[in-house]
Amino acid sequence: MYYVYVLLSKKEHRLYVGSTADVTNRLHLHNSGKVKSTQFYKPWELKRVEEYATRAEAFRREMFLKTGQQKEILRNLYC
């Protein structure tokens with residue numbers, strides 16, 4: 001299984017959308033500062049997880065959620 005996840009920075013109230021096969025480990029990496037693009041905005045809180053059968057499906061959904069209109073919808077839901 002693959003997952004698309006949405007994180008919210010408790011420090012800056014920024015959103016981050018990603019995909020992975022292991023959400024728990026990925027959240028740990030974000031919060032430990034090992035992900036360069038998110039290290040300055042930690043700590044992160046997991047807000048949403050969606051499950052997909054294939055990596056390709058998860059990646060397509062991740063790219064869709066990163067579009068401007070979808071990102072705005074996520075901001076309204078979680079920020």
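What you are looking at is a predicted structure, and each value in this text was computed from that prediction instead of being measured.
- The two residues V17 and K66 have their closest heavy-atom pair at O-CE, 3.0 Å.
- Heavy-atom minimum distance, T20 versus D22: OG1-N, 3.2 Å.
- Atom-to-atom distance recorded for K10:NZ and K42:NZ is 13.5 Å, nearest 0.5 angstrom.
- To the nearest 0.5 Å, atom OH of residue Y16 and atom OH of residue Y5 are 4.5 Å apart.
- A pairwise comparison of heavy atoms in V4 and A58 identifies CG2-O, 3.2 Å as the closest pair.
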Problem set entry | Steps toward side chain to side chain donor-acceptor pair (under 3.5 Å) verdict (T54, E57) | CA-CA 5 Å; T54 67; E57 288 174 314; 3.3 Å; yes
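- Between E62 atom CD and R55 atom CZ the span is 10.0 Å, to the nearest 0.5 Å.
- Expressed to the nearest 0.5 Å, how far OG1 of T67 lies from NZ of K71 amounts to 9.5 Å.
- Summarising the geometry, atom OH belonging to Y3 is positioned 12.5 Å from atom OG belonging to S19; distances are rounded to the nearest 0.5 Å.
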For this session: Report the C-alpha separation of Q69 and E72 in whole Å, then their side-chain angles, then the decisive distance to 0.1 Å, and conclude whether the side chain to side chain contact (heavy atoms under 4.5 Å, CB included) test is met.
Result: CA-CA 5 Å; Q69 185 178 12; E72 188 62 33; 5.8 Å; no
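- Two residues are said to be in side-chain contact when any heavy atoms from C-beta on lie closer than 4.5 Å; Q70 and I73 meet this criterion.
- For the pair C79 and L8, the tightest heavy-atom approach, listed with the atom from each and the gap, is SG-CD1, 3.7 Å.
- Using a 4.5 Å heavy-atom cutoff, the side chains of L15 and L7 are not in contact.
- We find that E45 and K47 are joined by a salt bridge, their nearest charged nitrogen and carboxylate oxygen being less than 4.0 Å apart.
- Hydrophobic clustering, defined by side-chain heavy atoms of Ile, Leu, Val, Met, Phe, Trp and Tyr closer than 4.5 Å, groups V35 together with L29.
- L74 and F59 are not part of a single hydrophobic cluster, where members link through side-chain heavy atoms under 4.5 Å apart.
- Side-chain atoms of M1 and Y52, non-hydrogen and from C-beta on, never get closer than 4.5 Å to each other.
- Partners of Y41 under the side chain to side chain contact (heavy atoms under 4.5 Å, CB included) rule, at least two apart in sequence or in another chain, are S9, E12, R14, W44.
- Under 4.0 Å is where a charged nitrogen must lie from a carboxylate oxygen, and between E50 and R48 at least one such pair does.
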